[in-house]
Structure formats: structure tokens, C-alpha cells
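Read the structure below first, then the notes.
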Amino acid sequence: MERILIKDTVDKVGDKVIVKGWVHARRDHGKLIFIDLRDRGGLLQVVFWGGGDTKLFKQAEELRSEFVVAITGTVQKRQDNQINPDLPTGTVELAAEKLEIISQAETPPFEIADSNVPEAGEESRLKYRYLDLRRDKMQHNIRLRSAFVQKCREYLFSQDFVEIETPLLTEATPEGSRDFVVPSRLNQGKFYALPQSPQQYKQLLMIGGFERYFQIARAIRDEDPRADRGFEHTQVDIEMSFVEQDDVMNTVEAMMIKTVESLGFKVKDKPFPRFTYAEAMEKFGADKFDLRSGEEKKDPKLLAYAWVYKFPFFEKTEEGGWTFTHNPFSMPVPEHLDDLLNKNNIENILTTQYDLVCNGYESGGGSIRAHQPEILKAVYEVMGYSAEKIQDSVGHMLEAFKYGTPPHGGIALGVERNLMNLTGESYLREVQAFPMTGKGQTAVMKGPKPLTDAQLKELGLKIS
RNA sequence: GGGCUCGUAGUGUAGCGGUUAACACGCCUCCCUGUCACGGAGGAGAUCGCCGGUUCAAAUCCGGUCGGGCCCGCCA
């Protein structure tokens with residue numbers, strides 16, 4: 001007989017079935033034992049009677065929390081007064097006929113089954129993340145994350161996008177955030193960097209003729225973690241050719257609406273309201289804001305999206321020079337292109353950058369890219385780069401742009417940020433399966449660890 | 001780089017200079033045929049993160065250290 005899932009037992013009254021899963025709870029009444037069995041789809045009450053098969057009943061008395069078992073039995077309707085309205089399978093129960101203990105389990109270090117008990121501390125939860133993940137909340141968060149990514153993928157495939165993976169071992173970029181570096185064994189004394197984003201590769205894919213690219217991409221930055229950001233995060237990374245700002249915004253907007261609505265959420269305003277950066281600052285005093293009313297904030301299923309666009313391209317550095325505010329690869333707004341090329345009026349140059357805001361958080365950002373070498377070059381010149389330094393930083397992009405580059409633009413949507421909005425969590429770690437601690441210690445495993453002398457020598461990191 | 005904060009049975013907390021360190025959940029034993037946060041009786045389990053100092057006396061005060069968390073800086 002084949003195992004069936006617990007959620008399917010409701011339609012199997014009278015049938016003999018096998019279910020497999022974990023012992024979620026046991027209630028021993030002496031001559032009557034109830035077991036709540038948990039599998040990936042839910043909970044089911046299993047009943048053992050002392051008056052029946054004594055060997056089976058003795059076995060059932062041995063069961064403890066989190067044992068993995070296979071139980072054969074007959075699904076029976078519960079009497080009216082025994083129905084549990086809080087359980088999807090609450091109208092039925094399994095009358096056990098055979099019990100196989102597949103794996104015993106030690107008493108877990110914290111409670112998995114009871115969501116009414118205060119949550120264990122994070123230290124313990126991360127050390128035993130595989131047990132923490134069994135809990136209702138984590139199952140829900142991680143499954144919702146999967147569904148979110150699935151819906152985005154489905155939409156993008158339906159719109160003729162191609163999913164392409166870009167390298168993890170790549171070149172360090174001097175600007176932006178601190179790089180995570182990886183020593184090269186074959187090129188001793190040299191280092192790869194892990195990508196802060198697939199920005200340059202996705203633009204090269206536009207030059208490569210794919211026109212519509214996306215990737216569920218990991219982005220890695222060596223900056224001190226916070227509650228809402230860590231070393232690594234995932235983004236839905238998108239780039240499109242032959243588009244203008246509205247084309248990208250409309251595509252992303254349609255994807256987000258379809259995705260979140262299919263997951264049971266409601267979107268407050270459609271189409272998403274749009275504010276220029278100047279309007280947002282005047283109206284909300286910030287470029288991230290929450291459009292929900294106080295009453296609306298009580299609805300956990302309501303999402304208020306908005307676009308912010310026309311950001312300043314540059315801001316002053318402490319040293320009195322200029323640096324970019326969002327993305328150096330962006331195009332300025334058309335009316336400021338001449339100013340950029342002539343380096344006039346720098347503080348007033350606006351970029352085609354657009355940010356997607358949701359419930360007070362930035363959920364994504366993108367821009368139309370500079371696809372002509374002289375525009376990208378001008379950005380770096382404004383930032384005070386010498387010709388040599390420009391060549392070293394983005395020479396490969398300037399070179400690539402020479403060979404017939406379509407106008408293009410895109411966006412990156414933070415998967416964790418979006419999931420935080422969907423779940424109401426305020427910690428990034430609650431929507432990641434295996435997050436790190438604030439000091440960069442991995443969950444369950446003990447990374448980072450020292451290397452052996454032999455490994456260091458092999459990498460050229462230790463002489464003699 | 002800096003600031004704040006928390007480390008007490010397996011878990012969550014209380015105790016904040018003076019008996020045997022308390023409570024809840026969990027765990028173990030026994031009882032219980034309709035529970036679903038089952039119930040009842042009993043029990044085990046803590047050198048109070050670590051090192052040092054102050055004191056007649058330290059979980060409690062002080063210094064250091066290790067670990068967790070939050071924030072500033074940083075994060076195209």
C-alpha cells in the first residue's frame with residue numbers, strides 16, 4: 001500500500017491507508033492513546049485502543065514527540081461531539097492497526113509542536129535550525145517564499161523571459177559595498193569577488209541578444225548585518241532590451257500584482273501610484289513611505305505599493321567630490337543627458353532610477369542603463385575617475401557597448417524584503433532557511449573556520 | 001570602528017548583597033476509554049556564560065572576557 005498525505009484522509013472515510021510523518025503530540029489516557037501525526041501537509045489524529053491489539057498498544061505507549069512513524073489504519077468519521085473545528089482533518093481520525101517506528105527522536109531542545117509557548121531564543125533556534133524549520137511559522141514562511149518565487153518565475157516565463165545564471169566567482173568592483181573575496185589557487189595572490197549583484201553580467205546578456213533575462217540571484221556584500229539585511233540575500237533580477245522606463249515599471253507592476261494576488265494578498269492601489277523623489281520627500285519626508293491608513297495597517301493581507309522615480313543621480317562626498325546615489329550604470333533622465341555629458345549642473349542631474357516601495361519598505365529598485373560608452377564614461381568622470389581608472393573599473397563594459405548595444409533597463413526585487421512584507425516579519429532571518437548570526441556565524445554549521453596550513457599554502461596565502 | 005542591551009534547569013522567565021535559587025512549559029514514573037494547550041499524583045533536572053576583584057557573605061556590586069540581540073557608521 002502506498003503512503004497517502006494526511007490532508008487527503010478527509011476524503012478516505014472507511015478506507016485502509018498508510019500515513020507517514022512525525023509524532024506531533026501524544027495524549028495518553030491510559031486505555032486510549034491519541035497521537036497527532038504531522039506530515040508536510042497537516043495534522044491527523046490517530047487513535048489506539050487498549051482493548052484491542054495489546055502488542056500494538058504497547059508499541060504506541062513507547063511513542064514520543066518527533067518520532068518518525070508509519071501508521072496503517074482505517075480512516076473513520078468522528079462522532080459529532082468529537083469533531084475538532086480547528087483542524088482541517090478534524091472530522092476524521094485514523095484507527096491505528098499497525099505502527100512502524102521508523103526513527104526514534106531525542107527530546108527536542110525546544111518545543112516544536114506548541115505554538116502557544118514562547119519562542120526559543122535565536123541562538124538555540126539557529127543551532128538546531130532543522131528543528132526550528134519544523135515549526136508552523138517557519139514552514140509557512142519558507143513555503144510562502146517558494147510560492148512567491150514560483151509565481152514570479154511563471155509570470156516572467158509567460159512574458160518570454162529567459163532564466164540565465166551568472167557567475168558567482170567574478171571580479172571585484174571598487175565602488176559600491178565591500179566585496180566578499182575568494183582566493184584563487186590557480187592565480188596565486190589574486191582574488192575573485194562574489195557578486196554584489198549580477199548588474200554587469202545582465203547588461204552583457206542584453207548585448208548578448210537575449211532581450212529578456214531574469215534570474216533568482218544571490219547577492220553578497222561584506223557589510224555589517226542588521227535586522228533587515230545580511231551578508232547574502234536573494235533578488236528577482238530582471239533586465240529587458242528595447243525598453244523605456246514605463247515598460248520596465250509596467251512589467252514589474254503586472255508581475256507583482258499577479259504574484260501577490262495569486263498568493264491571497266490584496267493590492268491597495270492599481271496601478272501603483274507614482275511619485276517623483278522630490279514629491280515623495282515633500283509629501284512623506286522620505287523616499288520610502290507607507291500609503292496605508294492606520295486602519296488599513298491592521299489588515300495583514302493588504303499591500304500598498306508605490307513607485308518613486310527621478311532620483312538625484314549624484315551626491316556630494318565628504319571629500320567634496322561626487323558619487324552616485326543609486327547605480328552608476330544608469331542613464332540620466334533624457335532632459336539632463338547634455339548636462340551629464342558636459343558636466344554641468346551636476347547636483348541637479350536626475351537619474352532614470354525607479355524604486356518600488358511597499359508598506360514603508362523598499363522592495364526593489366532599477367533603472368534604464370547607460371548603453372552608450374560616452375554616457376557611462378561621463379558618469380565616472382563626474383566621480384573624478386582618471387581615464388586609466390575608468391578603463392580598469394568598467395573598461396570591459398565600455399568595450400562591450402561598442403558592438404551594437406540595445407537600449408535596456410531592469411530591476412532587482414529583494415526576495416527577503418518582499419517576504420517580510422508578506423509575512424509581517426521584521427527580521428530577515430525569519431524568511432531565510434539557514435541565516436547567519438550578526439557576527440557572520442553560519443546556522444547549524446560552524447563557518448567561518450580557519451584553514452589548515454596545507455590549504456593556506458596551496459592557495460598561496462602562507463609562504464614556507 | 002562605536003553605542004546600548006541580554007546571558008539563571010532542556011525551553012521561556014522571576015529573583016538583583018544574607019536560609020535549601022522560584023514559576024511555567026517540557027522531561028521521567030504511576031493513574032486515567034474521547035482527548036485535541038487532555039487531566040490527576042509524584043519525581044528528576046541549575047556549580048546562575050567564563051575569569052578576576054570588592055565584601056563576613058556575590059546569581060545579585062565592580063572590572064575584564066566570550067557569546068546572542070538591536071542601533072550608529074557602513075550598506076551602488
Side-chain angles (χ1 to χ4, degrees), chain A residues 24-38 43-52 57 61 64-66 76 78-87 89-90 93 95 105-128 131-132 135 173-180 195-197 199-200 219-233 311 313-315 317-318 322-330 351 353 355 362 365-367 369 379-380 383 393-394 412 414 426-427 429 436-441 443:
Chain A
H24 188 73
R26 77 189 156 104
R27 293 178 293 281
D28 186 340
H29 289 235
K31 296 280 180 305
L32 177 68
I33 297 174
F34 298 103
I35 296 293
D36 288 341
L37 188 71
R38 180 185 75 238
L43 291 176
L44 174 68
Q45 174 162 283
V46 181
V47 196
F48 296 85
W49 282 275
F57 195 75
E61 285 178 326
R64 291 295 180 273
S65 289
E66 302 306 315
Q76 54 186 219
R78 296 198 196 185
Q79 288 174 22
D80 286 353
N81 61 337
Q82 291 167 3
I83 287 172
N84 182 347
D86 300 327
L87 216 57
T89 61
E93 64 190 5
E106 304 230 325
T107 304
F110 46 80
E111 282 170 67
I112 291 165
D114 195 344
S115 48
N116 298 298
V117 141
E119 203 169 50
E122 254 202 311
E123 241 176 311
S124 179
R125 289 179 58 206
L126 288 183
K127 181 177 177 191
Y128 299 98
L131 298 179
D132 190 41
R135 297 188 311 123
T173 44
E175 64 279 340
S177 68
R178 188 183 296 117
D179 283 309
F180 248 106
Q196 298 176 21
S197 98
Q199 178 69 33
Q200 297 188 47
I220 299 152
R221 296 168 189 183
D222 190 6
E223 299 293 349
D224 291 4
R226 287 283 191 284
D228 61 350
R229 78 182 195 235
F231 285 149
E232 32 183 331
H233 70 275
F311 286 87
F313 204 135
F314 300 101
E315 64 187 1
T317 62
E318 278 175 25
W322 295 99
T323 186
F324 55 91
T325 62
H326 283 79
N327 186 334
F329 296 97
S330 298
T351 163
Q353 173 80 26
D355 277 3
E362 182 192 325
S367 67
R369 322 301 182 185
V379 171
Y380 278 79
M383 297 194 296
S393 296
V394 290
S426 37
Y427 301 98
R429 298 183 291 271
M436 280 184 175
T437 69
K439 285 200 175 140
Q441 192 80 20

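Proteins get letters first, then strands, A, B, ... in listed order; numbering begins at 1 in each.
- In terms of modelled atom types and a separation under 3.5 Å, the side chain of Arg78(A) and the main chain of Gly90(A) share a donor-acceptor contact.
- Look at the P atom in both G26(B) and C36(B): the space between them is 13 Å, to the nearest Å.
- Side chain Arg26(A) to base C38(B): no donor-acceptor pair is found below 3.5 Å.
- For Arg125(A) (side chain) and Ala120(A) (main-chain N/O), no donor-acceptor pair under 3.5 Å exists by modelled atom type.
- Using Watson-Crick or G-U wobble geometry with both donor-acceptor distances under 3.5 Å, C25(B) finds its partner in G10(B).
- Of all the heavy atoms in Glu66(A) and Arg38(A), the pair that sits closest is OE1-NH2, 2.8 Å.
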Item to check | Steps toward side-chain contact (heavy atoms from CB on, under 4.5 Å) verdict (Phe231(A), Asp222(A)) | outcome: CA-CA 6 Å; Phe231(A) 285 149; Asp222(A) 190 6; 3.8 Å; yes
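- Here Phe311(A) lies out of heavy-atom contact (under 4.0 Å) with every strand.
- On a pure distance criterion of 3.5 Å, a polar donor-acceptor pair joins the side chain of Gln45(A) and the base of U35(B).
- On the P atoms, A41(B) is 25 Å away from A46(B), given to the nearest whole Å.
- For Phe34(A), whose side chain is taken as the heavy atoms from C-beta onward, the closest listed nucleotide among U35(B), U11(B), G1(B) is U35(B).
- What separates CH2 of Trp49(A) from P of C32(B) is a distance of 19 Å, to the nearest Å.
- In this structure, Gly90(A) reaches neither bases nor backbone, as no heavy-atom distance under 4.0 Å exists between it and the strands shown.
- Rounded to an integer number of Å, the gap from Glu61(A) CD to U29(B) C1' is 13 Å.
- Nucleic acid contact class of Gln353(A) (heavy atoms, under 4.0 Å, all strands): none.
- Heavy atoms of Gln79(A) sit nowhere under 4.0 angstrom from any nucleic acid atom.
- Across all strands shown, G63(B) forms a Watson-Crick or G-U wobble pair with C51(B), both key distances being under 3.5 Å.
- At least one side-chain heavy atom of Asp36(A) sits less than 4.5 Å from a side-chain heavy atom of Arg27(A).
- Counting non-hydrogen atoms under 4.0 angstrom, Pro109(A) reaches the backbone sugars and phosphates but no base.
- If you check distances only, the side chain of Arg229(A) does reach the base of C75(B) with a donor-acceptor pair under 3.5 Å.
- Remark on RNA chain B: of its neighbouring residues Ile83(A) and Ser124(A), the 5'-side contact belongs to Ser124(A), judged by nearest-heavy-atom nucleotide.
- Within 4.0 Å (heavy atoms only), Asp222(A) reaches no atom of the nucleic acid at all.
- No contact: Thr323(A) has no heavy atom under 4.0 Å from any strand.
- Distance CG (Asp228(A)) to C1' (C71(B)): 11 Å, rounded to an integer number of Å.
- Taking 4.0 angstrom as the limit, Thr437(A) places a side-chain polar atom (N or O) nearer than this to OP1 or OP2 of G68(B).
- Nucleotides U13(B) and U55(B) are separated by 35 Å at their P atoms, to the nearest Å.
- Within the 4.0 angstrom heavy-atom criterion, base atoms lie near Glu111(A).
- No donor-acceptor pair closer than 3.5 Å links the side chain of Thr325(A) to the backbone N or O of Glu315(A).
- The base of G67(B) has none of its N or O atoms less than 3.5 Å from a complementary donor or acceptor on the side chain of Glu123(A).
- Taking atom P on both nucleotides, G1(B) is separated from U65(B) by 14 Å, rounded to a whole Å.
- Separating the C1' atom of C6(B) from that of G49(B) is a span of 12 Å, rounded to the nearest Å.
- Counting non-hydrogen atoms under 4.0 angstrom, Arg429(A) reaches the backbone sugars and phosphates but no base.
- Base pairing analysis places C4(B) opposite G69(B); the two distances defining the Watson-Crick or G-U wobble pair are each below 3.5 Å.
- No engagement by Gly50(A) is indicated, since no non-hydrogen atom pair under 4.0 Å with the nucleic acid exists.
- Closest to the side chain of Glu93(A), out of G73(B), U11(B), U35(B), is U35(B).
- Taking only side-chain atoms of Lys439(A), from C-beta outward, the nucleotide of C38(B), C27(B), G67(B) with the closest atom is G67(B).
- The aromatic ring of His29(A) is stacked on the base of C38(B), with the two ring centres less than 5.5 Å apart and the planes inclined by under 30°.
- A sub-4.0 Å separation between OP1 or OP2 of C74(B) and a side-chain N or O of Arg226(A) is absent.
- With U35(B), C75(B), C25(B) as the candidates, the nucleotide lying closest to the side chain of Val117(A) is C25(B).
- Under the 3.5 Å distance criterion, the side-chain polar atoms of Arg229(A) are matched with a main-chain donor or acceptor of Asp224(A).
- Following rounding to the nearest Å, Glu66(A) (CD) and U11(B) (C1') show an atom-to-atom distance of 14 Å.
- Side-chain contact between Phe313(A) and Val379(A) is present, with heavy atoms from C-beta onward closer than 4.5 Å.
- The side chain of Asp36(A) lies closest to C36(B), out of C70(B), A37(B), C36(B).
- Within 6.0 Å of CZ in Phe57(A) there are more than 12 heavy atoms belonging to other residues, nucleotides or ligands.
- As rounded to the nearest Å, A21(B) and A58(B) have C1' atoms that lie 13 Å from one another.
- Nearest nucleotide to the Phe110(A) side chain, out of C36(B), C75(B), U11(B): U11(B).
- Between Arg27(A) and the phosphate of U35(B), there is no side-chain N or O to OP1/OP2 separation shorter than 4.0 Å.
- Nucleotides C38(B) and G68(B) place their C1' atoms 36 Å apart, quoted to the nearest Å.
- Contact annotation: Arg64(A) reaches the phosphate of C28(B) (side-chain N/O to OP1 or OP2, under 4.0 Å).
- Pair check for G18(B) finds C56(B); Watson-Crick or G-U wobble, both atom distances under 3.5 Å.
- If you measure from atom CG of Asp179(A) to atom P of C75(B), you get 12 Å, rounded to the nearest angstrom.
- In this structure, CD of Glu119(A) is placed 18 Å from P of G26(B), rounded to the nearest angstrom.
- Atoms CD1 (Ile33(A)) and P (U33(B)) sit 11 Å apart, rounded to a whole Å.
- For the C1' atoms, the distance linking G15(B) with U20(B) amounts to 15 Å, nearest Å.
- If you check every strand for non-hydrogen atoms under 4.0 Å, Asn84(A) touches a base.
- The partner of U33(B), taking Watson-Crick or G-U wobble pairs whose two distances both stay under 3.5 Å, does not exist in any strand shown.
- Remark: the backbone N or O of Gln76(A) is not paired with any side-chain donor or acceptor of Glu93(A) at under 3.5 angstrom.
- Within 3.5 Å, a donor on the side chain of Asp224(A) pairs with an acceptor on the base of G73(B), or the reverse.
- Between Pro108(A) and Ala25(A), the residue anchored closer to the 5' end of RNA chain B is Pro108(A), taking for each the nucleotide with the nearest heavy atom.
- Between the CG atom of Leu32(A) and the P atom of C31(B) there is a distance of 16 Å, rounded to whole Å.
- For Ser65(A), the listed nucleotide lying nearest its side chain is C27(B); candidates were U33(B), U35(B), C27(B).
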